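As the structure is a computational prediction, the values presented were derived from the model and not from experiment. Just follow the structure's listing: the first ligand is 1, and inside any ligand the first atom is 1.
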Amino acid sequence: MHIFSHEETKTFHLCNDEISYVMTVLPTGELAQLYFGRSIHDRADFSHLLEGAVRSHSAYPVDGEPFLSLEHVKQEYPSYGTGDFRQGAVELLQENGSRISAFVYSGYEIMAGKPALEGLPATYTESPDEAMTLIVTLVDQVAGAQLQLSYTIFREGGILARSARIKNCGSHTLRLERAMSLCLDLPDCDYDWIQFSGSWARERYPVSRKLTVGTTAVESLRGHSSHQQNPFVILKRPDTTEAHGEAMGFSFIYSGNFSISAQVDPYQVTRMLVGINPEWFSWVLEQGEAFQTPEAVLVYSLNGLNGMSQTLHNLYRTRLVRGEWRDKARPILLNNWEATYFDFNEEKLLQIARKAKECGVELFVLDDGWFGARRNDRAGLGDWVAAKELLPEGIGGLSRKINELGLMFGLWIEPEMVNPDSDLYRAHPDWCLHVPERTRSLGRGQLVLDYSRPEVVDHIYGMLYKVIHEANISYIKWDMNRSLTECWSAGAAPERQGEIFHRHILGVYALYERLIKAFPHILFESCAGGGARFDAGMLYYAPQAWTSDDTDAVERVKIQYGTSYGYPVVSMGSHVSAVPNHQLGRITPLKTRADVAYFGTYGYELDLNRLSDQEQQEVCRYTAFMKENRELIQFGTFYRLQSPFEKNVAAWMVVSEDRTRAIVGYYRTLNTVNDCFTRLRLQGLDPEKCYCVKDMGSFYGDELMNAGLVTSERASEKQGGTVLSSSDFSSHLFLLQANE
Ligand code: DGJ
């Protein structure tokens with residue numbers, strides 16, 4: 001890892017064993033992008049990579065430099081209006097009404113490690129030798145603004161973390177209308193763009209299309225990252241597969257409105273922009289004030305989509321997630337939501353917990369409905385005091401009783417929300433986002449608290465602190481069940497209303513930070529009506545996230561498969577639930593439900609008392625299996641093998657770091673008759689090692705990765721084992737252990 005800075009040519013080259021990123025200062029002072037990709041040799045002068053031409057209708061700022069037009073140059077942080085007609089990274093409204101800006105180079109700084117971003121989630125280093133950071137400073141003298149572009153290259157992996165900071169250094173008020181976190185101009189457009197789209201109960205399905213001239217984009221204007229689009233996009237070469245080829249990931253460490261776009265110009269240059277959605281965003285910068293963008297992470301791999309995902313998994317698992325739970329296998333939990341919904345009392349909960357304990361569960365989680373007047377989803381949000389009629393001794397009493405059973409205790413909260421039917425709302429009707437004299441749109445019967453106001457965050461913190469402090473709470477599920485509307489704050493001046501979406505998210509982050517600091521041992525799981533805020537921003541605070549409200553095993557294979565492109569297995573909340581499935585009505589075998597849920601945090605979302613004795617015994621075996629294998633599953637290297645979006649069969653696997661153990665999850669949606677012969681090519685094994693595949697025999701890693709593992713039923717019967725049961729929705733786990 002090194003950052004070269006060549007003073008004479010004003011060229012910067014960040015590199016490690018995997019990637020190089022090269023920039024230079026243009027004669028006009030702007031910062032230009034010259035190369036990003038596989039690591040290359042350094043040289044003092046890369047200016048031959050600056051491409052320009054004399055073209056009709058282009059504008060040329062310097063007389064005597066006929067080739068230098070901002071329309072043709074690849075740039076680092078462009079703005080519209082001085083010759084570049086593409087979308088810019090920054091837009092600054094100045095006092096005279098002009099939005100034209102020109103940020104020109106003024107200096108740089110190189111430092112070991114990576115500075116934190118105050119109030120924002122970001123990747124970090126644990127020792128300064130893990131990364132190097134380059135901060136390039138540019139100024140716009142006319143606007144009186146300073147821009148600092150930050151680039152961190154990590155020692156390991158094809159990773160570059162970027163952000164920008166814009167400061168008002170002049171004497172007039174400025175209004176920032178756009179401040180993206182990352183801009184990357186790529187020299188061609190021969191890419192497939194993959195986004196992760198969906199809706200409630202079908203989050204993060206991969207959707208792919210070929211880039212072509214014009215703009216391709218995903219965004220959220222819902223106030224949170226959303227079920228609909230995820231702040232993560234991949235560009236891959238058309239021939240890139242899961243195992244081979246070039247792929248880049250663009251991940252945004254942010255939980256609010258975002259935009260990720262690829263604009264391909266007529267010369268086939270691709271401009272990638274990642275950042276806070278400029279729609280509905282503006283930020284007033286008074287003299288001396290600065291705005292810090294969230295961080296965007298760029299990953300690059302030549303080892304296919306799996307290589308790209310693994311780079312991101314490692315980074316996020318080890319240098320985004322924080323705290324005690326980062327490196328710990330996650331407790332097997334039982335959550336009462338689908339077991340009881342709102343219909344519970346203490347005795348019922350204890351009954352469920354007792355059976356959970358018998359079946360090997362480690363953590364009991366009390367979901368929605370324990371507080372205020374929350375007997376249904378129309379009331380009570382905002383009143384974080386236990387309902388005495390349900391829990392006579394409060395959360396303290398219940399947690400003690402749960403602990404006495406030998407279980408840890410976890411609690412659900414939804415702190416960003418308020419029901420109009422609540423004491424909080426009656427006392428503070430202006431504490432929610434709303435516009436005076438206009439309708440306050442309800443979602444699930446609730447309004448969104450205005451977290452841009454510190455006094456609101458303080459109040460909720462105070463209530464939650466009391467509950468948590470008085471009980472023994474090991475886990476918190478932090479839910480969020482509606483998108484933001486009427487995003488206006490009674491606490492902000494008219495000219496600052498464009499800040500509220502972002503200030504709201506900063507308030508959410510601030511509350512998380514305070515609770516984490518006050519209760520560092522608590523494991524947080526984020527949730528937003530299932531997976532509507534499954535983003536890298538949340539992972540900084542909550543090491544795991546509820547992946548989806550859809551707990552059907554077949555649907556979950558798809559959702560977890562899609563989620564795995566950008567997020568590690570250990571971050572995915574995954575539970576075995578009852579059948580018929582509450583979302584789909586589908587009946588799947590208990591074994592299949594467990595075989596899917598293992599590839600995540602693992603838990604149960606049902607009352608185990610309602611299972612037959614035989615099923616309860618099965619559950620005990622599954623729980624024991626997960627305890628034995630969770631280190632491998634949650635911290636091993638994850639490979640996608642066969643996509644559920646393409647075939648009737650899906651498969652994935654995890655491999656231990658030393659490549660001596662692996663588990664393959666193999667899932668078939670519908671049963672087939674007289675089917676083709678099938679083999680599954682595994683990945684990530686040691687070609688020289690001979691692996692014993694449980695019930696199948698021993699095979700060398702090279703055979704398993706090239707010839708493949710025989711998965712057709714006939715062949716496996718010959719080996720004395722049955723791969724799949726002869727029913728729909730079946731699954732099999734192949735357990736691999738390298739022979740001594
Ligand atoms: C939505 C979550 O995704 C569910 O798991 C559950 O916690 C409900 N909210 C409770 O209201």
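Every atom of ligand 1 is numbered from 1 in the order shown, and the set under 4.0 Å from a heavy atom of Trp546 is 3 (O), 5 (O). Of all the atoms in ligand 1, the ones that sit under 4.0 Å from a non-hydrogen atom of Cys527 are 2 (C), 3 (O). In the vicinity of Gly529, heavy-atom distances shorter than 4.0 Å reach the ligand 1 atoms 1 (C), 3 (O). Remark: ligand 1 atoms within the under-4.0 Å shell around heavy atoms of Lys477 are 4 (C), 5 (O), 6 (C), 7 (O). Every atom of ligand 1 with a heavy atom of Gly530 under 4.0 Å away is listed here by number and element: 3 (O). Interface atoms of ligand 1 facing Asp549, defined by a heavy-atom separation under 4.0 Å, are 1 (C), 2 (C), 3 (O), 4 (C), 5 (O).
Here the rule is ring pair (Phe, Tyr, Trp, His ring centres under 6.0 Å) with Trp478, and of Tyr512, Trp546, Tyr509 only Tyr512 fits it.
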Asn277/Ser220 under side-chain hydrogen bond (donor to acceptor under 3.5 Å, both in side chains): CA gap, chis, key distance, verdict: CA-CA 7 Å; Asn277 199 329; Ser220 169; over 6 Å; no
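No part of Asp377 comes within 4.0 Å of ligand 1, judged by heavy-atom distances.
Atom CZ of Phe524 sits about 8.5 Å away from atom CZ of Phe519, to the nearest 0.5 Å. Rounded to the nearest 0.5 angstrom, His434 NE2 and Arg440 CZ are separated by 4.0 Å.
Between Phe342 and ligand 1, no N or O atom pair is found at a separation short of 3.5 Å. Below 3.5 Å of separation, one finds an N or O of Trp412 facing an N or O of ligand 1. An N or O contact shorter than 3.5 Å links Arg444 to ligand 1 by distance.
The closest protein non-hydrogen atom to atom 7 (O) of ligand 1 is Asp367 OD1, 2.7 Å. The protein atom (non-hydrogen) at minimum distance from atom 9 (N) of ligand 1 is Asp479 OD2, 2.7 Å.
In this structure, the ring of Tyr604 has its center less than 6.0 angstrom from the ring center of Tyr602. You'll find the ring centres of Trp384 and Trp370 inside the 6.0 Å limit. For an aromatic pair to be called close, the ring centres must be under 6.0 Å apart, and Phe342 with Trp337 satisfies this.
With a 4.5 Å cut-off on side-chain heavy atoms, Tyr425 and Asn419 do not count as touching.
Distances shorter than 4.0 angstrom do not occur between any heavy atom of Glu338 and any atom of ligand 1.
Judged by the 6.0 Å and 45° rule, Arg322 forms a cation-pi pair with Tyr541.
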